[in-house]
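Bear in mind that the values here come from a model prediction, so they are computed numbers and not experimental data.
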Amino acid sequence: MASKPDIWLAAGVRTPFAKVDGPLKGYDAIALSVPVVQAMLSQGGRPDFAIWGTVIPNLTWSNIAREVLLDAGADPTIPAFSTIMACSTSMIGVIEAAGMIDGRGRDLALVGGVESMSKVQIGASIGFSDWLKGFQSAKTPGARLAQLGRLKPSDLKLWIPKVANRTTGLSMGEHTEITAKEWKLSRADQDQIAFESHQHAVAAWEAGFFDDLVIPIGDLKRDTIPRKDSTLEKLAKLAPAFDKTSGQGTLTAGNSSPLTDGAAAIWVASKAGLARLPAKTPRVKVVDYEVTSIDLRHEGLLMAPAYGVPRLLARNGLTYADIGLWEIHEAFAAQVLSHIAAWEDEAFRRTKAGVETDLGKFPRERMNPTGGSLAVGHPFGATGARILSQAVKELATRPKGEKAIVSICADGGQGTMMLLENV
């Protein structure tokens, strides 16, 4: 292509977020997604294509994006495909859409994701699945009787999805406990991050910030997780959640993001695509993005942004102080603090991230001003669209030329980061 149009993000909508087995427990991933997509379609009409993602597998569909659009009543000629990248799922969907926008008929993409952590499908073991297929394919009573004799008690297991990394066998929380110890992160500092996240989210709700970002679903009209009564004293009383035996555990239910249900969407567009959206829709320009993968066997599982953000800034001639808004996914307060510690560590920046430029001190006071995942919640597939729409709306109110970094870590030692600007 001789030229490619500038790429813009326009804020989308989402459901309220709620803890697992809470008020959204009656909705599966498709049912959570449909009202979000319908609300988006009522704004922008017909997108040129759609990308949707979810992390927890379900055997009743293979392309959730297509199923959601059909159930939402969208034009069935809209191409739709699904994507997945753990906690970065709907953010990698945005990056994929940005690469497809071409100004030649692809100008507007509907992107988002969902997680129904209350509706997790339990599967049979591979051994039992193989045996069942053999039993069903047996043609005679004798063949079926013979197949019955091949059934092993050890095959009679159920596979229950869990929040654990396949390669290491450890959960994200267990990995982050290791990282917290390596970086000598204090429990008090982690609780402070969590406390501020709840304060900011509650204040944003009370100020009406979320009113046009969140749509009701059923009787639920707002997030249920932000706690107005959260205090540092209450957080300090919580027991360790992942390292319960060493006496050194610092991650608790209070400074770790909760298992969450919810769906979220965002628009990705060229300038021509933006013209198809309501003029009041907040929008900002995409300057650059970074997708980073690290060796999770020798580095903290959620440390990819510690590598990627310095590279993204250096590539664009920027320092930490040049960024007015930082939206950092809060899988755990310790993960956020480990990123900040690494960003400010000269040896890490030079030898691991490969960035020679001194990027300065990280401006923590500019981080997550309307609340992060610790308070809002973290439905894996939806978090990328949630955090980006939140950043877009906030950045669009700032002076022209102000920039934002949006950063998400992901299980598997990966992460996605975007540099945005209010133009």
Side-chain angles (χ1 to χ4, degrees), residues 20-21 24-34 36-37 49-90 92-93 96 111-172 259-263 293 296-297 301 379-382 410-414:
V20 62
D21 296 326
L24 296 179
K25 66 181 180 180
Y27 297 84
D28 66 14
I30 290 179
L32 276 175
S33 303
V34 165
V36 173
V37 169
F49 63 97
I51 304 173
W52 205 259
T54 191
V55 176
I56 299 173
N58 190 298
L59 293 176
T60 59
W61 59 72
S62 60
N63 184 359
I64 189 173
R66 178 65 169 167
E67 302 300 336
V68 166
L69 259 67
L70 291 176
D71 279 16
D75 182 342
T77 66
I78 298 171
F81 68 90
S82 303
T83 194
I84 182 171
M85 192 183 182
C87 307
S88 287
T89 288
S90 47
I92 199 66
E96 290 170 323
V111 182
V114 61
E115 217 65 60
S116 176
M117 303 190 80
S118 299
K119 295 286 187 185
V120 176
Q121 187 175 38
I122 296 172
S125 70
I126 293 296
F128 189 46
S129 297
D130 288 344
W131 180 87
L132 278 174
K133 287 189 292 183
F135 186 81
Q136 288 181 326
S137 63
K139 303 297 185 183
T140 65
R144 291 190 174 184
L145 187 61
Q147 182 67 4
L148 277 173
R150 298 186 185 102
L151 180 60
K152 301 175 184 178
S154 60
D155 289 335
L156 296 174
K157 299 177 182 176
L158 295 177
W159 181 78
I160 304 174
K162 55 183 180 179
V163 187
N165 182 268
R166 175 184 173 275
T167 300
T168 66
L170 299 178
S171 70
M172 286 184 280
L259 299 178
T260 311
D261 296 332
S293 186
L296 73 165
R297 296 179 179 89
L301 182 76
F380 299 149
D411 185 19
Q414 301 192 101

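- Shown here are the side-chain contact (heavy atoms from CB on, under 4.5 Å) partners of T89, two or more places apart in sequence or in another chain: V55, T83, I84.
- Distance check, rounded to the nearest 0.5 Å: SG of C87 to CD1 of I92 gives 13.0 Å.
- The backbone N or O of I56 lies less than 3.5 Å from a partner atom in the side chain of E115, making a donor-acceptor pair.
- Within the structure, the side-chain hydrogen bond (donor to acceptor under 3.5 Å, both in side chains) test picks out the following pairs touching residues 132-158 (sequence neighbours left out): Q147-R150.
- Summarising the geometry of A410 relative to S88, their closest heavy-atom pair is CB-OG, 3.7 Å, with the distance given to 0.1 Å.
- A side-chain donor-acceptor contact under 3.5 Å links S90 to the backbone of G381.
- Here the closest non-hydrogen pair linking V36 and L32 is CG2-O, 3.9 Å.
- Within the 4.5 Å cutoff, the side chain of T260 has heavy atoms near those of the P379 side chain.
- Among residues at least two apart or in separate chains, side-chain hydrogen bond (donor to acceptor under 3.5 Å, both in side chains) pairs with a member in residues 61-72 are N63-S82.
- Between L151 atom CG and L132 atom CG the span is 8.5 Å, to the nearest 0.5 Å.
- Listed by chain and residue number, T167, D295 satisfy the side-chain contact (heavy atoms from CB on, under 4.5 Å) test with R297 (two or more places apart in sequence, or in another chain).
- In this structure, the separation between CD1 on I30 and CG on L69 is 11.0 Å, given to the nearest 0.5 Å.
- Side-chain atoms of Q414 never come within 3.5 Å of backbone atoms of M85 as a donor-acceptor pair (strictly under, hydrogens ignored).
- Counting non-hydrogen atoms of other residues, nucleotides and ligands closer than 6.0 Å to CG of L156 gives a total above 12.
- Closest approach of A29 and S116 over heavy atoms only: N-CB, 3.6 Å.
- Residues I51 and G93 come closest through the heavy atom pair CD1-O, 3.4 Å.
- Residues A164 and G169 share a closest heavy-atom pair of CB-O, 4.3 Å.
- Applying the side-chain contact (heavy atoms from CB on, under 4.5 Å) criterion to L170, with sequence neighbours excluded, gives T168, E174, H175, I178.
- Remark: L301 CG to M172 CE distance equals 7.5 Å, nearest 0.5 Å.
- At least one side-chain heavy atom of L259 sits less than 4.5 Å from a side-chain heavy atom of V163.
- Every ring pair (Phe, Tyr, Trp, His ring centres under 6.0 Å) that F135 has, sequence neighbours left out, goes to W131.
- Side-chain contact check for I64 versus V114: some heavy-atom pair is nearer than 4.5 Å.
- Across S118 and D21, no two heavy atoms sit closer than the pair OG-N, 2.6 Å.
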